Amino acid sequence: MKQIIVPGEVVSQSQARMDNAYVENGKTYSKVMGLYDEEHKSVIPLEGPWKPRIDDAVIGIVSEEKNKVYEVDLGFFGRTLLIVGKFDRESYKVGDIIEATIKDIEDRKTIILTRARPLEGGTVLAVKPAKVARVIGKANTMVKQISEAAKTYIIVGMNGMIWMRGGNIALATEAIRKIEAEAHISGLTERIRLMLEQNKGS
Amino acid sequence: MEAIDVVKTNYVKELLAKKAREDMRQFMDFRKIGIVTGLMHNAEGSAQVDLGNTRVLCGVKLIVEEPMKDTPNQGNMMVAAELLPLASADYETGPPSPEAIELARVVDRGIRAANSIDLKSLFIEEGKVWSVFIDLYVLNYDGNLFDACTLAAMAALMTTKVPKVEDGEANREDRTQPLKLDSIVTSTTFGKVGGSILLDLDRNEENASDGRITIAIDDANIRAMQKGLRGGFTKDEVEMLLDIAFQKRAELKRALDQAAR
Amino acid sequence: MGSSENKPELVINGKRTDGRDFDEMRPFSIKANVLKNADGSCYVEWGNNRILAAVYGPKEVMPRHMMEPDRAIIKCRYAMAPFSSLSDHGRTGPNRRAIEISKVIKEVFENVVVLREYPASEIDIFIEVLQGDGGTRAAGITAAAVALANAGIQMRDLPYAISVGRIGEHIAIDFNMIEDNYSDSDMPMAIAPRNGEILLLQMDGGLDRAQVSKALQMAIDAGKVISKAQSDALREVYGNAAGV
């Protein structure tokens, strides 16, 4: 059973160590708008900015270039840099969409990317980072389902940017927006399946 | 422009090459129009307009003032627009930007040129007239503020009540007299993206566009036009857009009439 | 406090001008997540007040020299719409009063937001008073707290605010515009409900020692109802549904 909680709300009458919560005077309080998972004793944010982690696969857009050091927009408040090494021949221009992996995070505010590759054409949809896990689904089931129904090539970045190319992008977008809005309500996979089925013809 | 806007701009252009828009609209379609009036009771008139995801609130205040020297027998009207910082990450706090000033002046011109407000009816007594302040508050920006603002201003004016005057002062407890309007102005704004001309551009389309034209009309006449941005329009294009402006009037007027009822 | 000349009667047959008891708040409603572009937003109707709050961030600090390497900075704009008042037409943008209010509101949220969670960033809070009828800063703070939570910003608590004060010999809560103008003392407060800390306190007019105590307690007692409405509004965004 999961329960919706607001910042400052008590999640445990005793001291409990968990993310997105804090302890004061022997009690544990939520720091976020989120769900409290009684079973796993964890606080899951329902909203909020993305927290980058090393090895996260992200989608970004090149926003600046200086001597083969590229600034990349990941929708993150800090800086994101892609330093192209000697052996990479790749060069980018502003507005290029890339897929990359986080190599390092300095002082929690500068992200260093590696293993970048350009994504040709298509568009980018930004979703709330807190909903990314639901868009992907368990073992990629959700994104696969959308991709097949819309015949769209989709790559989901952990930062909330989603790249899409080909097929019925409008339908894929609608499905993803629906997930974003209803991520916390059970039976999501089935609802999305029905929605995709109904719209397949259009 | 943010890096993501470069992507969105390219995508808009890519779709237009295939004669498509991101939300599957036809080129000359408006987005869904929603109008609610009478939300703000302190104002003499108010309306909130949703044009797709663009949201504008208009408040109308009537204040007893001295008339202008050259028009001693009629009231005044003023339009101001604010691109509030809460409406978009791109908007900043500070004095009105040139964009906000242009927006307000274009809306003002349409209403003024159509003699929409009967300014003579706003004469109170020697040296006293009503001034009509029309304030446009942009709450959420997703393109085409011109048409959204004109809709909001008209809907607010259509539901504005003039306070009773007692001993030369406004009695705002008694606001039953509707503001006298002689005509309803509608505004239709087109944008040029590459070779395509679209109606009612959203934010991504506006970022991709290089020419804009706003046409404000009443039942029979064109009352104001404003071309904006770098790109130009041919005479034929303008003629075509004028025809479309008149075709679209029924839809806009219906939305206004429903909201003002 | 208004001039004593032409002062209207604020108490009629033991009730206030709008028929309320002295410890009775106006009816209010809170709705979260009302704007599409903002990261978080909230609309509050409090009596005749109509207030919109929105939050953007964490985002890049502008201008850059304001950046704090180890924490977020908060910027706050409180402003009244030119059409927000019944009798006047105001100027657009913040005046001196609004600038002061913006500052004290910013300080409220610097207390509860976990600033160190967002190093070298900026969080913007916008409060637009669309219609004002007394107590706009309090309603604005109540709305901004909800907007911050709706944006997913980490906070130790969800503050609320309310104004208390004195009408003649009566300590009263939640002044409307007429009471705001003519009461004997007005004391807007913001409170962190979890630990009862007062995060904003302003006061003018006159109160004796006992009256201050009574007024403070009245503001604290009001917290239960306001806090519940705030969290209900936040839960309502998710249709109150729980369980995934």
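Residue numbers start from 1 in every chain, and the chains themselves are labelled A, B, ... in the order their sequence lines are given, proteins ahead of strands. Keep in mind that this is a model prediction, so the values were computed, not measured.
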Note to self: Would you say that B/His41 contacts C/Arg50 through its side chain, given a criterion of any heavy-atom pair below 4.5 Å between the two side chains?
What the structure shows: yes

Next item on the list: Select one option (side chain, backbone, both, neither) describing which atoms of B/Glu92 are under 4.5 Å from chain C's heavy atoms.
Entry: neither

Notebook entry, point to check: Run the side-chain contact (heavy atoms from CB on, under 4.5 Å) check on C/Phe83 and B/Ile134 step by step: do they pass?
Noted result: CA-CA 8 Å; C/Phe83 48 83; B/Ile134 302 165; over 6 Å; no

Check: How many angstroms lie between atom CG of B/Leu86 and atom CG of C/Asp124, to the nearest 0.5 angstrom?
Finding: 10.5 Å

Notebook entry, point to check: To the nearest 0.5 Å, how far apart are OH in C/Tyr56 and OH in B/Tyr91?
Noted result: 9.5 Å

Next item on the list: Heavy atoms only, distances under 4.5 angstrom: which of C/Ser85, C/Ala38, C/Ala54 has the most pairs with chain B? Name it, please.
Entry: C/Ser85

Checklist line | Contact winner vs chain B - C/Asp88, C/Asp39, C/Val34, heavy-atom pairs under 4.5 Å | finding: C/Asp88

Note to self: Is the shortest side-chain heavy-atom distance between C/Arg77 and B/Pro85 below 4.5 Å?
What the structure shows: yes

Margin query: Given heavy-atom pairs under 4.5 angstrom as the criterion, report whether the side chain, backbone, both or neither of B/Ile63 touches chain C.
Written below: side chain

Margin query: So, taking the atom named NZ in C/Lys36 and the one named CG in B/Asn140, what distance separates them when rounded to the nearest 0.5 Å?
Written below: 7.5 Å

Notebook entry, point to check: Going by atom types alone, do B/Asp135 and C/His89 pair a side-chain donor with an acceptor below 3.5 Å?
Noted result: yes

Next item on the list: Take C/Asn48 and B/Asn42 through the test side chain to side chain donor-acceptor pair (under 3.5 Å) and record every step on the way to the result.
Entry: CA-CA 8 Å; C/Asn48 206 22; B/Asn42 283 356; 3.2 Å; yes

